[in-house]
Amino acid sequence: MIIGGLALVGVGAGALLVRQLRRAGGPVGAWGPLRPIPAPTAPPVRSPAIESPGLDTAMTIWAHADDDIIFANPELSDAIAAGTCVRAVYVTAGDAGKGLEYAREREDGIRAAYDHMRGSAGEWDERELLLASGARVTRFVPTDEPRLSITVLRLPDGGLDGKGFPATGKAGLTQLINGDVGELSPIDGGPAYDLPRLTATLAELVSAAQPRRISTNVPHESAFAHGDHPDHSCVGSLVRASAPVVGIAPAQMSYYLGYPSKDQPVNVVGEELDAKVEVYRTYAADDPVVRCAEASTCLSQPGFGDWLRRTYPKSEAELRLS
């Protein structure tokens, strides 16, 4: 089925996406209460996740493997082109209840997008890391460019309604943070996370990367989170609670508007827009839910076309916290 240039496949989660995309404005996330997130204890000095920080390290932590290229570009592409050391982390598998195979397709897509941004199609090394927190994560590193890495936790996608999917026990980040479930199991069968393990894992990964700055989703506490994907809001809040433990100051944080960015003025145009859409199209070639063969069809996708034309980072002072 093709709607506005968007290829839609599958059932269940796909049917929900179809209903959402038929709305004129594209997908809209449900809003619900979220408990305050306790800060973790400081991680150990040594971690299996330690990487060389390089001369300038930027860390990006997102809910899904495409949040960065949709909401934080062209800044991401510019950083890679400038030689910045970029450490990307994706907290959920973005699986939409469709299983590990679909999650891996999205991971293939984001690696392809990174290849496009870095101008190389070299092999990526894949390793499993058992962290001091007890979590098991998967890390991808280009064999020809170790200044870049992608780390995935593969926690279940919470869905647009924040209620999870039957295939993963109708549980996601919202339920974990609110205490509705005590643990959340990665879809790849790794050790389960309780909330302390999750915040400790994020703090450990930040500490291991030694970044000068961090980019992430807008947190739930912000007025800009209303209408955003619940997973975005959860990850923004998790990072905001965890990063200070390892010495990351508010001035080092940038929070990018997600779905609500469509309400802001267009600010990505011309050659910058062309380049941003090409990165997204490269990713989408491996994601059957949003595949678009041409730039024009990518830009005609409800919601996605609006987001691609915009990028809005917010500082701590600009979040309009409630």
Side-chain angles (χ1 to χ4, degrees), residues 5-7 9 49 51-95 98 100-129 137-154 188 205 209 211 215 268 270-299 301 304 307-308 311:
L6 175 59
V9 300
E51 298 176 276
S52 173
L55 297 176
D56 182 26
T57 299
M59 191 168 197
T60 68
I61 306 176
W62 307 98
H64 311 109
D66 69 356
D67 290 348
D68 44 3
I69 60 171
I70 294 174
F71 304 117
N73 244 348
E75 291 87 342
L76 176 61
S77 292
D78 290 345
I80 292 173
T84 299
C85 182
V86 177
R87 307 304 186 193
V89 175
Y90 302 107
V91 176
T92 83
D95 54 288
K98 296 160 69 72
L100 184 58
E101 181 178 353
Y102 174 56
R104 286 188 175 276
E105 288 178 313
R106 298 192 69 174
E107 292 169 9
D108 290 344
I110 200 62
R111 291 197 302 276
Y114 265 72
D115 281 343
H116 181 83
M117 289 186 285
R118 70 192 184 93
S120 175
E123 295 293 321
W124 290 67
D125 176 60
E126 178 179 354
R127 292 175 290 160
E128 288 189 352
L129 302 175
V137 302
T138 301
R139 173 168 289 166
F140 302 95
V141 180
T143 56
D144 60 341
E145 202 157 12
R147 72 181 175 99
L148 305 176
S149 67
I150 292 172
T151 303
V152 294
L153 277 60
R154 293 178 177 157
D188 63 1
L205 290 172
S215 300
V268 181
E271 292 181 357
E272 281 193 339
L273 178 61
D274 293 342
K276 181 175 180 177
V277 173
E278 187 59 22
V279 171
Y280 172 73
R281 190 192 67 80
T282 301
Y283 159 80
D286 286 298
D287 184 342
V289 174
V290 294
R291 187 170 294 148
C292 47
E294 304 293 338
S296 59
T297 55
C298 296
L299 284 170
Q301 293 177 352
F304 292 86
W307 304 327
L308 289 168
T311 182

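Small disclaimer: the values here were computed from a predicted structure and weren't measured.
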Report yes if some heavy atom in the side chain of Y114 is under 4.5 Å from a heavy atom in the side chain of V86; otherwise report no.
yes
Is there a donor-acceptor pair closer than 3.5 Å between any side-chain N or O of T311 and the backbone N or O of F71?
yes
Can any side-chain N or O of T297 pair as donor or acceptor with the backbone N or O of E294 at less than 3.5 Å?
yes
D95 bridged to K98 by N-O distance under 4.0 Å
no
Stepwise salt bridge (Lys or Arg N to Asp or Glu O under 4.0 Å) test for R104 and E126:
CA-CA 12 Å; R104 286 188 175 276; E126 178 179 354; 3.7 Å; yes
Hits for salt bridge (charged side-chain N to carboxylate O under 4.0 Å, His left out) against D56, two or more places apart or cross-chain, chain-then-number order -> R213
Please determine, by modelled atom types, if Y280 and Q301 share a side-chain donor-acceptor pair under 3.5 angstrom.
yes
Is any side-chain heavy atom of P211 less than 4.5 Å from a side-chain heavy atom of R87?
no
Checking Y90 against R154: is there a side-chain donor and acceptor pair closer than 3.5 Å?
no
Show your reasoning for whether side chain to side chain contact (heavy atoms under 4.5 Å, CB included) applies to V152 and I110.
CA-CA 11 Å; V152 294; I110 200 62; over 6 Å; no
Give a yes or no answer on whether the side chain of R139 reaches the backbone of S149 with a donor-acceptor pair at less than 3.5 Å.
no
Please answer whether the main-chain N or O of A63 pairs with a side-chain N or O of T92 as donor and acceptor at a distance below 3.5 Å.
yes
For a quick test of reading the model, state the closest non-hydrogen atom pair linking R281 to C292 and the distance between them.
CG-O, 3.2 Å
